Amino acid sequence: MSVPETKLYNTFIWKQDYNRKSNNTCRTTLIGRWFTPLDENSALDKAAAKRAFDFFVGWFLDPLVYERYPNIMRQKVGLRLPKFTPKNQRLNYYITQYAINAPPSTKPSVQTDPRVTIGYYRNGVPIGVQAPSFVYYPPGFSQILNYIKNKYGNPLSYITENGVGDLDMGNLKLPNALADNGRIQNHCSHLSCLKYSIEDGCNVAGYFAWSLMDNHEFGNGYTLRFGMNWVNFTNPADRREKLWQMVF
């Protein structure tokens, strides 16, 4: 039995045995990212924004819901798109970006197939709030949730990650690290947009902030602090509550 077959068999046994006993479910988590046209009057940029979503999110979500890749991916990628056997059926959201139509590339690849250039700025102005880790745009949170509701049949959804990081290159003073007003603003604004989406009918059952504590971040190591609790990386037992705990 091959490794993939073994994993599939073990998943099958888990679902048959554990689920039956506990009434729990096993699901996937997707990286959610929203896109808006850089030029809102440009039909090409509007199409580019939709194309970007299909290539970044629909690539995984369409097969889970419709058992096929997005139409635009099948048109643009053709035979280079691998076939899959659907077996299965949560969302991490951090950012929204501008999408600009891009010409076809002479070297097709996963980076060039969408024919989209993405970015955070329009004429030098950021799409939302400039944070040390990225630019975040809370209205995009509502927009992606409503899009999923309308396109994918309003599935039961959990927001498994959302948050913002503070830059720490080893010189962030403890009082500044604990006064995380930017994180409070980030979560308040996103929770407000989530509330509106739920009122609009989006089937969202849970929201999990990233993260409980400062930790080793994927791609950034210890240079970004996403935690709601401060951790001394040279002595991890030394942990402090940040300002957010007086708000939430």
Side-chain angles (χ1 to χ4, degrees), residues 27-36 56-57 60 90-98 118-145 148 157-199 202 204-248:
R27 292 292 183 264
T28 60
T29 295
L30 302 180
I31 301 297
R33 184 184 300 189
W34 189 241
F35 301 91
T36 188
F56 280 85
V57 184
F60 306 97
R90 282 171 191 179
L91 184 71
N92 298 350
Y93 173 82
Y94 289 95
I95 61 174
T96 290
Q97 291 179 292
Y98 288 123
I118 57 177
Y120 290 113
Y121 303 90
R122 175 192 283 158
N123 298 324
V125 180
I127 190 172
V129 180
Q130 179 74 64
S133 45
F134 42 68
V135 179
Y136 67 86
Y137 180 65
F141 194 22
S142 293
Q143 291 163 4
I144 190 173
L145 290 173
I148 291 173
S157 302
Y158 293 84
I159 310 305
T160 48
E161 286 187 29
N162 178 243
V164 70
D166 297 322
L167 183 66
D168 185 2
M169 303 303 293
N171 56 356
L172 182 63
K173 302 298 183 182
L174 180 59
N176 295 331
L178 299 182
D180 59 343
N181 292 290
R183 179 169 295 99
I184 294 170
Q185 177 186 354
N186 175 271
H187 284 295
C188 284
S189 57
H190 281 89
L191 286 170
S192 177
C193 289
L194 176 59
K195 175 178 180 291
Y196 286 124
S197 292
I198 293 174
E199 291 173 347
C202 293
V204 180
Y207 171 94
F208 298 86
W210 185 264
S211 62
L212 176 63
M213 297 182 181
D214 294 331
N215 57 73
H216 187 277
E217 290 293 337
F218 175 75
N220 298 100
Y222 295 108
T223 62
L224 286 177
R225 293 179 175 272
F226 277 79
M228 292 185 165
N229 292 277
W230 179 85
V231 176
N232 182 344
F233 291 139
T234 60
N235 178 21
D238 181 13
R239 307 171 185 178
R240 315 285 179 92
E241 295 180 351
K242 296 183 182 179
L243 183 61
W244 78 275
Q245 297 210 33
M246 298 176 62
V247 178
F248 292 94

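Note that the coordinates shown come from a computational prediction; the quantities given were computed from them, not determined experimentally.
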So, does Arg122 use its side chain to make a donor-acceptor pair with the main chain of Ile127 at under 3.5 Å? no
Decide yes or no for Thr29 and Phe60: does some side-chain heavy atom of the first lie under 4.5 Å from some side-chain heavy atom of the second? no
Checking side-chain contact (heavy atoms from CB on, under 4.5 Å) for the pair Val231/Met213: CA distance, chi angles, key distance, verdict? CA-CA 7 Å; Val231 176; Met213 297 182 181; 3.9 Å; yes
Calculate, to the nearest 0.5 Å, the distance between atoms CG and NZ belonging to Asn229 and Lys242 respectively. 7.5 Å
What do the steps show when you test Asp180 against Trp230 for side-chain contact (heavy atoms from CB on, under 4.5 Å), and what is the final call? CA-CA 10 Å; Asp180 59 343; Trp230 179 85; over 6 Å; no
Looking only at heavy atoms, what is the nearest atom pair of Glu217 and Ser211, with distance? OE2-OG, 4.4 Å
For a quick test of reading the model, state the closest non-hydrogen atom pair linking Phe226 to Asp214 and the distance between them. N-OD1, 3.7 Å
Enclosure of Gln130 CD (heavy-atom neighbours >12, cutoff 6.0 Å): yes
Student check: side-chain heavy atoms of Tyr137 and Thr36 closer than 4.5 Å: no
Between His190 and Tyr207, does the ring centroid distance fall short of 6.0 Å? no
Quick one: sort the Tyr94 and Phe134 rings into parallel, tilted or perpendicular, breaks at 30° and 60°. perpendicular
Audit row: Met228, Leu212, side-chain contact (heavy atoms from CB on, under 4.5 Å) steps and yes/no: CA-CA 5 Å; Met228 292 185 165; Leu212 176 63; 5.5 Å; no
From CA spacing to verdict: side-chain contact (heavy atoms from CB on, under 4.5 Å), Leu91, Ile148: CA-CA 11 Å; Leu91 184 71; Ile148 291 173; 4.0 Å; yes
CD1-CZ distance between Ile95 and Phe35, expressed to the nearest 0.5 angstrom: 7.0 Å
Heavy-atom closest pair (Ser133 atom, Gly165 atom, distance to 0.1 Å) is OG-N, 3.2 Å
What distance do Arg183 atom CZ and Trp244 atom CH2 have between them, rounded to the nearest 0.5 Å? 10.0 Å
Side-chain donor-acceptor contacts of residues 167-178 below 3.5 Å, not counting sequence neighbours, with atom names and distances?
{"from": "Asp168", "atom 1": "OD1", "to": "Gly170", "atom 2": "N", "distance (Å)": "2.9"}
{"from": "Asp168", "atom 1": "OD1", "to": "Asn171", "atom 2": "N", "distance (Å)": "3.4"}
{"from": "Asp168", "atom 1": "OD1", "to": "Leu172", "atom 2": "N", "distance (Å)": "3.2"}
{"from": "Asp168", "atom 1": "OD2", "to": "Arg225", "atom 2": "NE", "distance (Å)": "2.7"}
{"from": "Asp168", "atom 1": "OD2", "to": "Arg225", "atom 2": "NH2", "distance (Å)": "3.3"}

Heavy atoms only: give me the nearest Val135-Pro126 pair and the separation to one decimal. CG1-CB, 4.0 Å
Which pair of non-hydrogen atoms, one from Leu243 and one from Ala179, has the smallest distance, and what is that distance? CB-CA, 4.2 Å
Can you name the one residue among Asn162, Ile31, Leu145 that meets side-chain contact (heavy atoms from CB on, under 4.5 Å) with Tyr93? Asn162
Least distance between heavy atoms, Ser142 atom then Cys193 atom: OG-O, 2.9 Å
On the 0 to 90° scale, with breaks at 30° and 60°, tag the Tyr222-His216 ring pair as parallel, tilted or perpendicular. perpendicular
Straight-line distance of Tyr98 OH to Thr96 OG1, nearest 0.5 Å: 10.0 Å
